[in-house]
Chemist: 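Handing you this structure, nothing more for now.
Because the structure is predicted, anything quoted here is derived from the model rather than measured.
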Amino acid sequence: AIGNGLQTLKQLQKVDLNFRYTKVYDAGAVAIGNGLQALKQLQEVTLYFSYTKVTDDGAVAIGNGLQALKQLQEVTLYFSYTKVTDDGAVAIGNSLQHLKQLQTIHLDFCNTKVGDSGAVAVGNGLQHLKQLQAVDLHFRDTQVGDSGAVAIGAGLQNLTQLQNVELDFAETKVTDAGAVAVGNSIQALQQLQKVHLDFENSAVTDDAKNSIRAALRKPGVEVTVQ
């Protein structure tokens with residue numbers, strides 16, 4: 001019903017829907033995705049599907065819905081603790097290339113089956129977001145490894161407007177190689193004000209963390225690497 005209702009709100013500029021800890025299934029997410037496509041004036045979308053029954057079908061529908069929203073400036077999507085896998089994350093990643101006005105993005109895939117393919121798609125999508133100022137990506141307790149981390153870093157390295165970067169790769173398969181690549185990718189960004197990188201309970205060593213921390217530390221930049 002919510003999804004169908006959205007389609008009638010043509011002038012809507014902000015959508016904020018929280019389904020956490022509910023029994024929403026893919027049909028609900030599909031309806032939301034379909035409803036979003038009609039809202040061409042949307043500037044901000046926040047959707048929480050954490051701890052629901054949503055799977056890839058729902059995430060794909062949300063990704064398809066986002067593609068039509070050319071005016072979006074902020075996107076927040078939470079799929080943590082769902083059954084979403086790479087297919088869902090790829091759909092979300094692919095949608096990003098259409099959102100060229102985006103300034104802020106929050107994506108949470110914690111405790112899902114998302115792996116490198118999903119992270120690579122997100123990284124590829126990020127590189128198109130030249131207006132992006134803040135990025136907050138959470139892959140904690142997923143199957144993401146070095147190739148995913150490298151792709152995320154590569155997606156960020158030419159986003160010259162970036163001020164805040166938060167990347168959570170804790171409890172993943174990322175090693176020193178992936179972590180150092182992320183650090184190298186963002187260290188040249190001149191507008192950075194805050195960087196938070198989390199590699200806790202992964203294979204990333206303290207030596208690598210110290211190296212990344214040293215490379216990123218500059219006057220006026222708040223750096224946390226853990």
Chemist: Quick one: do Arg140 and Asp198 make a salt bridge, cutoff under 4.0 Å?
Modeler: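 Looking at Arg140 and Asp198, the cut-off is met.
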Chemist: Give a yes or no on whether Leu72 and Ile32 share a hydrophobic cluster (residues Ile, Leu, Val, Met, Phe, Trp, Tyr; joining criterion: side-chain heavy atoms under 4.5 Å apart).
Modeler: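 They do share one cluster, since a chain of ILVMFWY contacts under 4.5 Å joins Leu72 to Ile32.
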Chemist: Can you see which heavy atom on Ala181 is nearest to which on Val150, and at what distance?
Modeler: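 Heavy atoms of Ala181 and Val150 come nearest at CB-CG2, 3.7 Å.
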Chemist: Just jot down the salt bridge (charged side-chain N to carboxylate O under 4.0 Å, His left out) partners of Asp146, sequence neighbours excluded, or say none.
Modeler: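 None.
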Chemist: Could you tell me whether a side-chain N or O of Lys218 sits under 3.5 Å from a main-chain N or O of Ala215, the two making a donor and an acceptor?
Modeler: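 Checked: no pair found.
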Chemist: Side-chain heavy atoms under 4.5 angstrom apart, residues restricted to Ile, Leu, Val, Met, Phe, Trp, Tyr: same cluster for Leu197 and Phe169?
Modeler: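 Yes.
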Chemist: According to a hydrophobic-cluster definition based on side-chain heavy atoms being under 4.5 Å apart (Ile, Leu, Val, Met, Phe, Trp, Tyr only), do Ile92 and Val60 belong together?
Modeler: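 No, no single cluster joins them.
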Chemist: So, the side chain of Gln97 versus the backbone of Asn94: is there a donor-acceptor pair under 3.5 Å, distance only?
Modeler: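 Such a contact is found between Gln97 side chain and Asn94 backbone.
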Chemist: For the atom pair NE2 (His128) and CG (Leu159), what is the distance rounded to the nearest 0.5 Å?
Modeler: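 Taking NE2 in His128 and CG in Leu159, the distance rounds to 10.5 Å.
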Chemist: Out of curiosity, Leu107 CG to Asp168 CG, how far, rounded to the nearest 0.5 Å?
Modeler: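 One finds 12.5 Å between CG of Leu107 and CG of Asp168.
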Chemist: Indicate the atoms forming the closest heavy-atom contact of Leu69 with Leu99, along with that distance.
Modeler: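 Smallest heavy-atom distance, with atoms named: O-CD2, 3.4 Å.
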Chemist: Please give me the minimum heavy-atom distance between Gln37 and Gly65, naming the atom from each residue.
Modeler: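 Minimum heavy-atom separation between Gln37 and Gly65: CG-CA, 3.5 Å.
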Chemist: Do Tyr51 and Phe79 share a hydrophobic cluster (ILVMFWY, side-chain heavy atoms under 4.5 Å, transitive)?
Modeler: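 No, no single cluster joins them.
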Chemist: Do Lys113 and Gln143 pair up side chain to side chain, a donor and an acceptor below 3.5 Å, judged on atom types alone?
Modeler: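 Side chains of Lys113 and Gln143: no pair found under 3.5 Å.
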Chemist: Can you tell me which residue among Thr142, Val114, Asp57 is in a side-chain contact (heavy atoms from CB on, under 4.5 Å) with Val84?
Modeler: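 Among Thr142, Val114, Asp57, the one meeting side-chain contact (heavy atoms from CB on, under 4.5 Å) with Val84 is Val114.
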Chemist: Can you tell if the side chain of Leu47 reaches within under 4.5 Å of the side chain of Leu36, non-hydrogen atoms only?
Modeler: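 Answer yes - side chains close enough.
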Chemist: Which value, rounded to the nearest 0.5 Å, describes the distance between Phe109 atom CZ and Ser50 atom OG?
Modeler: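 If I round to the nearest 0.5 Å, the distance is 10.5 Å.
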Chemist: Supply the atom-to-atom distance Ile186 CD1 to Leu216 CG, rounded to the nearest 0.5 angstrom.
Modeler: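 If I round to the nearest 0.5 Å, the distance is 5.0 Å.
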Chemist: Please examine the side chains of Thr76 and Val45, heavy atoms only from C-beta on, and report whether any two atoms are closer than 4.5 Å.
Modeler: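 Sidechains of Thr76 and Val45: no contact.
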Chemist: Let me see the working for Lys209 and Phe199 under side chain to side chain contact (heavy atoms under 4.5 Å, CB included), right down to the final yes or no.
Modeler: CA-CA 8 Å; Lys209 293 176 185 178; Phe199 301 106; 4.1 Å; yes
Chemist: Please determine whether ring pair (Phe, Tyr, Trp, His ring centres under 6.0 Å) holds for the pair Phe19 and Tyr48, giving the CA-CA distance in whole Å, both sets of side-chain angles, and the decisive distance to 0.1 Å.
Modeler: CA-CA 6 Å; Phe19 298 103; Tyr48 288 90; 9.8 Å; no
Chemist: Begin from the C-alpha positions of Thr55 and Asp26 and carry the test side-chain hydrogen bond (donor to acceptor under 3.5 Å, both in side chains) through to its verdict.
Modeler: CA-CA 6 Å; Thr55 72; Asp26 283 329; 2.4 Å; yes
Chemist: Please examine the side chains of Lys70 and His98, heavy atoms only from C-beta on, and report whether any two atoms are closer than 4.5 Å.
Modeler: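 Answer yes - side chains close enough.
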Chemist: Do Asn164 and Gln193 touch side chain to side chain, with heavy atoms closer than 4.5 Å?
Modeler: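 Asn164 reaches Gln193 side chain to side chain.
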Chemist: List the atom of Gly153, the atom of Ser185, and the distance in Å for their closest heavy-atom pair.
Modeler: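 For Gly153 and Ser185, the tightest heavy-atom pair comes out as O-CB, 3.1 Å.
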Chemist: Are the side chains of Ser147 and Asp116 in touch, meaning some heavy atoms are under 4.5 Å apart?
Modeler: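 Yes, side chains in contact.
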Chemist: Side chains of residues 130-137: which donor-acceptor partners sit under 3.5 Å, not counting sequence neighbours?
Modeler:
from	atom 1	to	atom 2	distance (Å)
Lys130	NZ	Gln127	O	3.2
Asp136	OD1	His138	NE2	2.6
Asp136	OD2	His106	ND1	3.3

Chemist: Does Val165 belong to the same Ile/Leu/Val/Met/Phe/Trp/Tyr cluster as Ile105, with side-chain heavy atoms less than 4.5 Å apart forming each link?
Modeler: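 Looking at the clustering, Ile105 is in the same group as Val165.
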Chemist: Considering only heavy atoms from C-beta outward, does the side chain of Lys14 approach that of Glu74 to under 4.5 Å?
Modeler: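 Not in contact.
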Chemist: Are the side chains of Val223 and Val225 in contact, using a 4.5 Å heavy-atom criterion?
Modeler: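 When only atoms from C-beta onward are counted, Val223 and Val225 do touch, with a gap below 4.5 Å.
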Chemist: Strictly distance-based, threshold 3.5 Å: is any side-chain N or O of Asp56 a donor or acceptor partner for the main-chain N or O of Gly88?
Modeler: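 At least one qualifying donor-acceptor pair exists.
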Chemist: Between Thr82 and Thr52, which heavy-atom pair has the shortest distance, and what is it?
Modeler: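 For Thr82 versus Thr52, the nearest heavy atoms are CG2-OG1, 3.9 Å.
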